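To start, the structure itself, in structure tokens.
Bear in mind the structure is a predicted one, so any value in this text is a computation, not a measurement. Lettering of chains follows the sequences in order, A, B, ..., and the numbering in each one begins at 1.
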Amino acid sequence: MSEVVAEVRSLPGPERVDRLASLGGPEATRPKEAPSTGGEFPELEGAERGKVVLRLAPFPSGALHIGHGRMIFINQYYRERYGGKILLVFDDTVGSEEKRVETEFFGLIEEDLRSAGLTPDAVYYKSDRIPLFYPWARRVIDAGAAYVCTCPAETLRANRAAGVACGHRSQTHDATVSEWEKMLGNGYGPGEAVLRLKTDLQDPDPAFRDRVLMRISDLDHPRVGTKYRVWPMLEFSWAVDDIELGVTHVLRGKDLVIEDRMQRYIWDLLGIRGPPFGHWGILRVREAKVSKSKSYREVKSGEYDGWADPRTWSFRSLERRGISMDATRAFVLSFGMSLSDIEVPAETLYAENRKRIDATTVRRAFVADPVRVDVDEYPADLGSVRLANHPDLPALGDRDAPAGPSFYLARRDLVGRAGAEVRLKDLINIHLPDEPVGLAGEVRARFTSRENKRIPRLQWVGTEGAYPVDVLGVEGEHTRGWGEAALAAAQPGQILQFERVGFVRVESDWVPGSNPLRVVYGHP
RNA sequence: GCUCCCGUAGUCUAGUCCGGUCAAGGAUUCGGCGCCUUCGACGCCGUAACGCGGGUUCGAAUCCCGCCGGGAGCACCA
């Protein structure tokens, strides 16, 4: 055996692959399909092609956003890699006063998943499965590993911190059973009794001591109302459902690692072999101060422009900005399965998107915060000019841009340039007046020459045919300005590049011909 | 504080399991040059990293020990 290993190791890498391939087998011919940039994805323990079952468990409290990226794309990646299945299981146990389940998000989340190319193979709702958990709870009780505790929450917590037991822990099995039946039979009110798992009270991790399995809540659940009063805690529900649903691998964020331990502990005491776990660290985009509760508040109040508001950094907002799902996926997968928390600048995502859209995106002139400039001695033959739609790609064609003698120029291009000579890009050079540009009014400039000088080149829009444009920015701000005449032919959903501004996407609901042209800023 | 996890350039990542092919590769950012009259793209060039200290070894990013730093969890939320 070890001789064979030594022999194989002595072979150079490529030859190893060749030799492997010659031996046949499904894995040999496709060693691994690593994403283009970095990102390492290990084999899943014991995974068999076609038999992998994964699950996705979002809590329905908002649209999916960039922070959910790893959950979505990593699970999707492994489904593809092994040809498996993904179950969408809504974790809609009753929640709490602060964390309410809301039905509108079920559909929203499914839509988001579909738009991410992740159509689940099946959809489940935890709230439909509540009765299923009761016999399982009974199994744990019968194994002597659970008890009903009627201590107030504070006492329970204090005991846990101190590592001491309360009187309920030593109840007989019969007493526990009758207490449990009392819980199920409305004998206790919310907060008055819980079913707790017996672990080691001296466990070094205080968080792990005698955790709660089931509790009582009479919150009105939007799907099942007050039909159930005894609800499972997340980790118990998963200890059950990962088995019941035949999940083969649990891939989730590292915030849930303690739940692994809980699930394994329960499985061990029931003599069940459960699936292995995998985790990833938190992904943050530096510019995205994503807060689900803030987004929720602002969307509800109307402060945000729905769940596609750029400030939510939701998937739908990225799409609205012209950032393709493909780019987002590549971006997220480039981080691999690393367990470290990562904070990455949005620029990395933008670069990924730019690669994909640059070659198909036409250039257009846009001037924000416009100042009207009239040019004296303007050449009579320059009523319009022919411009290429893309500087490097003639295939994208060209268009006619109405020019002077009157123009809109951006105020920020004019300030500090009093008395200077500047170039109207692709057109002429002009001399700006010596007086600084005021806040209002017009500017009179003078034509100087046509030659292509290496002087500041400014974006311009001829006043004739200029099209009003409203740009929605990443911070939710609106910028008004003038775009060139060709924008009248823009199409909903089209991605454009405003020169010296960046990529924008025409709003899907924009009606061609209506004023102003509404676009959403994507990125530089 | 307790538990677990993680430390490779400005940022992200490959390499760590199984020490040599790593005087550390890729992506992004930044700087320079060229070219294209643009945000930018492309080409070429450049800056820049194994957290610190010991140990093992002919040889350490990789193994061992100790520090230091960062993160997550510590709910009758999910």
- Message: Measuring only the P atom in each nucleotide, how far is B:rC67 from B:rG73? A whole number of Å is fine.
- Response: 26 Å
Contact list (N/O, under 3.5 angstrom) for nucleotides 44-48 of chain B vs protein:
none

- Note on the structure: As its Watson-Crick or G-U partner within any shown strand, both distances under 3.5 Å, B:rG7 has B:rC68
- Strand partner of B:rG1, provided both Watson-Crick or wobble distances fall under 3.5 Å: B:rC74
- Do A:Asn429 and A:Thr448 have side-chain atoms, one donor and one acceptor, less than 3.5 Å apart? no
- Task: Determine, stepwise, if the pair A:Glu343 / A:Arg284 fulfils salt bridge (charged side-chain N to carboxylate O under 4.0 Å, His left out).
- Result: CA-CA 5 Å; A:Glu343 180 176 285; A:Arg284 282 195 198 88; 5.0 Å; no
- Item | Gap in Å between the two C1' atoms, one belonging to B:rG20 and one to B:rC42, rounded | 39 Å
- According to the Watson-Crick and G-U wobble definitions, with both distances under 3.5 Å, which nucleotide is paired to B:rG20? B:rC58
- Query: Between A:Arg252 (CZ) and B:rG73 (P), how many Å, whole number?
  - Reply: 14 Å
- What's the CG-C1' distance between A:Asp255 and B:rC5, to the nearest Å? 12 Å
- How close do A:Val164 and A:Leu201 get, heavy atom to heavy atom, and via which atoms? C-CD1, 3.7 Å
- Name the nucleic acid region contacted by A:Arg284, choosing base, sugar-phosphate or nothing; use a 4.0 angstrom heavy-atom cut-off, strictly under. sugar-phosphate
- Select base, sugar-phosphate, or nothing to describe what A:Arg261 touches, counting heavy atoms under 4.0 Å on all strands. nothing
- Message: I want to verify a distance call: between B:rU3, B:rA72, B:rU11, whose nearest atom is closest to the A:Pro204 side chain?
- Response: B:rU3
- Message: In whole Å, measure the gap between the P atoms of B:rC12 and B:rC68 for me.
- Response: 23 Å
- Message: With rounding to the closest Å, how many angstrom separate the P atoms on B:rA24 and B:rG51?
- Response: 15 Å
- Validation row: A:Arg364, A:Arg399 side chains within 4.5 angstrom (heavy atoms): yes
- Message: Give me the distance, rounded to whole Å, that separates B:rC44 from B:rG59 when you measure between the C1' atoms they each carry.
- Response: 37 Å
- Taking atom C1' of B:rA78 as reference, at what distance in whole Å does atom CE of A:Met262 sit? 14 Å
- Item | Atom-pair distance (CD on A:Glu287; P on B:rC12), nearest Å | 13 Å
- So how far is it from A:Ser324 OG to A:Lys355 NZ, rounded to the nearest 0.5 Å? 11.5 Å
- Note on the structure: The nucleotide from B:rG73, B:rU11, B:rU13 with an atom nearest the side chain of A:Ile342 is B:rU13
- Query: Among B:rA72, B:rU13, B:rC5, which nucleotide sits nearest the side chain of A:Leu339?
  - Reply: B:rC5
- Given that both distances must come in under 3.5 Å, which nucleotide forms a Watson-Crick or G-U wobble pair with B:rC35? none
- Task: Report the distance from atom NZ of A:Lys254 to atom P of B:rG70, rounded to the nearest whole Å.
- Result: 14 Å
- Under 4.0 Å between any heavy atoms, over every strand shown, what does A:Ile282 touch: base, sugar-phosphate, or nothing? Just pick one. sugar-phosphate
- Task: Within residues 58-68 of chain A, find the residues that approach RNA chain B with a heavy atom at under 4.0 Å, and present them sorted by residue number.
- Result: A:Phe59
- Quick one: sort the A:Trp482 and A:Tyr408 rings into parallel, tilted or perpendicular, breaks at 30° and 60°. parallel
- Can you tell me if A:Tyr188 and A:Glu179 form a side-chain donor-acceptor pair at under 3.5 Å? yes
- Starting at CH2 of A:Trp231, measure out to CE of A:Met214 and round the result to the nearest 0.5 Å. 10.0 Å
- Task: With sequence neighbours excluded, tell me which residues meet side chain to side chain contact (heavy atoms under 4.5 Å, CB included) with A:Leu88.
- Result: A:Leu56, A:Pro58, A:Phe90, A:Glu110, A:Leu113, A:Pro120, A:Val123
- Applying the side-chain contact (heavy atoms from CB on, under 4.5 Å) test to A:Leu197, which of A:Asp210, A:Val212, A:Ile266 qualifies? A:Ile266
- Item | Base of B:rU37 paired with side chain of A:Arg423 (donor-acceptor, under 3.5 Å) | yes
- Message: Please name the nucleotide paired to B:rC12 by Watson-Crick or G-U wobble geometry with both distances under 3.5 Å, or report none.
- Response: B:rG26
- Task: Looking at every strand, decide which applies to A:Asp91 at a 4.0 Å heavy-atom threshold: base, sugar-phosphate, or nothing.
- Result: sugar-phosphate
Tabulate atom names and distances for all N/O pairs under 3.5 angstrom spanning the protein and nucleotides 29-31 of chain B.
from: B:rU29; atom 1: OP1; to: A:Glu347; atom 2: OE2; distance (Å): 3.1
from: B:rU29; atom 1: OP1; to: A:Arg354; atom 2: NH2; distance (Å): 3.4

- Sequence neighbours left out, what passes ring-ring contact (aromatic ring centres under 6.0 Å, His included) with A:Tyr228? Give chain and number order. none
- Message: So, applying salt bridge (charged side-chain N to carboxylate O under 4.0 Å, His left out) with A:Asp91, which one of A:Arg129, A:Lys126, A:Arg252 is it?
- Response: A:Lys126
- Spacing of A:Phe41 atom CZ relative to B:rA14 atom C1', expressed in whole Å: 13 Å
- Query: How far, in whole Å, is B:rA27 from B:rA49 if one measures between their C1' atoms?
  - Reply: 15 Å
- Spacing of A:Met337 atom CE relative to B:rC17 atom C1', expressed in whole Å: 16 Å
Under 3.5 Å, which N/O atoms of the protein pair with N/O atoms of nucleotides 74-76 of chain B?
from: B:rC76; atom 1: OP2; to: A:Arg160; atom 2: NH2; distance (Å): 3.1
from: B:rC76; atom 1: N3; to: A:Gly191; atom 2: O; distance (Å): 3.1
from: B:rC76; atom 1: N4; to: A:Cys151; atom 2: O; distance (Å): 2.9
from: B:rC76; atom 1: N4; to: A:Ala153; atom 2: N; distance (Å): 3.4
from: B:rC76; atom 1: N4; to: A:Gly191; atom 2: O; distance (Å): 3.0

- Between OH of A:Tyr134 and CD1 of A:Ile141, what distance do you get to the nearest 0.5 Å? 12.0 Å
- Query: Which residue, A:Gly502 or A:Ser338, contacts RNA chain B at a nucleotide closer to its 5' end, judged by nearest heavy atom?
  - Reply: A:Ser338
- Are A:Arg261 and A:Phe208 in a cation-pi contact, defined as NZ or CZ under 6.0 Å from the six-membered ring centre and within 45° of the axis? yes
- Query: Can a salt bridge be assigned to the pair A:Arg211 and A:Asp203 using a cut-off of 4.0 Å between side-chain N and carboxylate O?
  - Reply: no
- Query: If we take the P atom in both B:rU62 and B:rG55, what is their distance in whole Å?
  - Reply: 14 Å
- Would you mind checking if A:Arg329 and A:Glu352 are paired as a salt bridge, meaning a charged N to carboxylate O distance below 4.0 Å? no
- If you draw the axis of the six-membered ring of A:Tyr125, does the NZ or CZ of A:Arg223 fall within 45° of it and under 6.0 Å from the ring centre? yes
- Between B:rG15 and B:rC63, how far is it from one C1' atom to the other, in whole Å? 16 Å
- Query: Can you tell me how far P of B:rC5 sits from CG of A:Leu256, to the nearest Å?
  - Reply: 16 Å
